[in-house]
Amino acid sequence: MGEQKKLYIKTYGCQMNVYDSERMAEALGGSGYVTTETPDDADMILLNTCHIREKAAEKVYSELGRFKGLKTANPDLKIGVAGCVAQAEGEEIMRRQPMVDLVVGPQSYHRLPELETKAREGRKALDTDFPEEDKFDHLAKRPKAKRGPTAFLTVQEGCDKFCAFCVVPYTRGAEVSRPVDRVLTEARDLVERGVREITLLGQNVNAYHGNGADGDWTLSRLIRELAKVEGLERIRYTTSHPNDMDDDLIAAHGEVPELMPYLHLPVQSGSDRILKRMNRSHTAESYLRLIERIREARPDILMSGDFIVGFPEETDADFEDTMELVRQVRYGQCYSFKYSTRPGTPAAERAQVDADVASERLQRLQALLTQQQTEIQAAMVGKEVGVLFEKVGRREGQLIGKSDHLHAVHAEASPDMIGKIARVRITSAAPNSLAGKVI
Ligand code: SAH
Ligand code: SF4
Ligand code: F3S
């Protein structure tokens, strides 16, 4: 082996990018790279980027600007852009920012070692193909190193839904599911290395249809199989589309104890008129009925979702429909965004809502969502919950973990409890976390 080189990766965007960053670090591990926590002494800086909203995409350019000094100080430093901005604007990035040595899209990061060599030789290193070969197959065997108690595992990638506002079908390509045996092998390997909770990832994870020995498996079948893996104590999945919540997946929420009572199910709007224009193919009513059925299967399930306000042509009345839907669902936690025009998507051509109007709507929606979250958190006080401890807290003697419902929980416990699930009595609630006592 040659000398060790330092790799600094900064990750933006969704959890899949977090997973991808781990895989990229592994791929470059074969070329002698070890990851470092700071860009200052790095031999390579990789930005794993997100293209979902304009602000997210613009961050790349400002971030690159900040690395200019490092590049001047160390001309051998290689700078790479990966992820969804790389996919969407790779050529443009190389033009706009000559200091970028390497561009790699989300489907070709298994080719990073070759790209790195090219970049070192001073050649143009850009790969934004949607290659025929499966990147997951090409990744280096994972080192058997221990790791933290929670992990992401991508089981499905890409999207065929083409919501009118969204870049994902263009940056991540068509929907693909990984074969069942690959997923099970990866999950067992993670558990061997100390993982107790796995979150299955996909842009449309509940549309999973991976190939198994006897045909295609659904997500619920995969979850039921994963639940049998000894040592895997918690399973989650994200993100789901309302139209792909099938009967067995709903049933699994009531039947599989390892499947945690938390569901991220984005609705985007409460107005049928807007949902139609968004190409969402569900209505507010069908979404509400779906949640009713999920709550019948698992009454304490905590609902989460995503909203876009100020989508083109959204009227006050449309927005009020969204507020009404939120009041009916009562969410435990949500993400809400002002509509951002994405070049190349169908909605980009339509009449835009006034920016101030959209901001005001977003404020009102977020106030309501915060109120619901606060009430639900406050109602946890006095309850006994399971907490998987993940790390030491800021205060001496304190550990931080997640409850079954994905609430962050602080409690006094000894560090050897990290990676274990404890019963905790919740004693107080803050806006974004709970505190409790181990029972
Ligand atoms: N695959 C997931 C997540 C997609 S991106 C899903 O289908 O839900 C995550 C969230 O970003 C979306 O749910 C949506 O609320 C938001 N989003 C996507 N495109 C956007 C845009 N152009 N402007 C504002 N928010 C957007
Ligand atoms: Fe984007 Fe819609 Fe696909 Fe989600 S379902 S990734 S919002 S196109
Ligand atoms: Fe962003 Fe790409 Fe994820 S656009 S949200 S990083 S799939």
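For ligands, and for the atoms within them, numbers begin at 1 and follow the listed sequence.
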Hey, are [X] and [Y] close enough for a salt bridge, meaning a charged N less than 4.0 Å from a carboxylate O?
X    : Y    : answer
E225 : K228 : yes
K161 : D244 : yes
R236 : E197 : yes
E314 : R273 : no
E157 : R172 : yes
R96  : E89  : no
R193 : D189 : yes
E63  : K59  : no
E116 : K5   : yes

With a 4.0 Å cut-off on heavy atoms, does [X] reach ligand 1?
X    : result
H264 : no
N204 : no
H241 : no

Residue and atom name of the nearest protein heavy atom (relative to [atom]), distance in Å to one decimal:
atom                    : result
atom 1 (Fe) of ligand 3 : C50 SG, 2.3 Å
atom 15 (O) of ligand 1 : Q268 OE1, 2.7 Å
atom 6 (S) of ligand 3  : N17 ND2, 3.3 Å
atom 13 (O) of ligand 1 : D306 OD2, 2.5 Å
atom 3 (Fe) of ligand 3 : C14 SG, 2.3 Å
atom 1 (N) of ligand 1  : Q203 O, 2.6 Å
atom 2 (Fe) of ligand 3 : C84 SG, 2.2 Å
atom 5 (S) of ligand 1  : I52 CD1, 3.4 Å
atom 16 (C) of ligand 1 : R53 NH1, 3.3 Å
atom 6 (C) of ligand 1  : T239 CG2, 3.7 Å

- Message: I want to check something: taking the side chain as every heavy atom from C-beta on, are D248 and R221 in contact at a cut-off of under 4.5 Å?
- Response: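 No; the side chains remain at least 4.5 Å from each other.
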
- Query: Hey, are the side chains of M99 and L77 touching, using non-hydrogen atoms and a 4.5 Å cut-off?
  - Reply: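 No. Closest side-chain heavy atoms not under 4.5 Å.
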
- Query: Which atoms of ligand 2 have any heavy atom of F165 under 4.0 Å away?
  - Reply: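 Going through ligand 2 atom by atom, the ones under 4.0 Å from F165 are 7 (S).
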
- Which ligand 2 atoms does R280 reach within 4.0 Å, using its non-hydrogen atoms?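 The atoms of ligand 2 under 4.0 Å from a heavy atom of R280 are 2 (Fe), 7 (S).
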
If only atom types and distance count, is the side chain of [X] paired as donor or acceptor with the main-chain N or O of [Y] below 3.5 Å?
X    : Y    : answer
Q352 : R350 : yes
T185 : D181 : yes
D20  : E22  : no

- Item | Numbering as shown, the atoms of ligand 1 that approach P266 to under 4.0 Å (heavy-atom distance) |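 Near P266, meaning under 4.0 Å from one of its heavy atoms, ligand 1 has 8 (O).
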
- Could you walk me through whether F162 and Y170 pass the ring-ring contact (aromatic ring centres under 6.0 Å, His included) test, one step at a time? CA-CA 9 Å; F162 290 94; Y170 312 97; 5.6 Å; yes

For ligand 1, the portion of [X] having any non-hydrogen atom under 4.0 Å away:
X    : result
F165 : both
K161 : neither
S340 : both

- For M16, is the nearest heavy atom under 4.0 Å from an atom of ligand 3?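 No; M16 lies far enough from ligand 3 that no heavy-atom distance drops under 4.0 Å.
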
- Quick one: which of Q87, Q203, H51 has a heavy atom closest to atom 4 (S) of ligand 3?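 Going through Q87, Q203, H51 one by one, H51 has the nearest heavy atom to atom 4 (S) of ligand 3.
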
- What protein N/O/S atoms lie closer than 2.8 Å to atom 3 (Fe) of ligand 2?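 Per the 2.8 Å query on atom 3 (Fe) of ligand 2, atoms found are C159 SG.
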
- Message: Checking ring-ring contact (aromatic ring centres under 6.0 Å, His included) between H264 and each of Y237, Y335, Y331, which is the one that passes?
- Response: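 Of the listed options, the one satisfying the test is Y335.
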
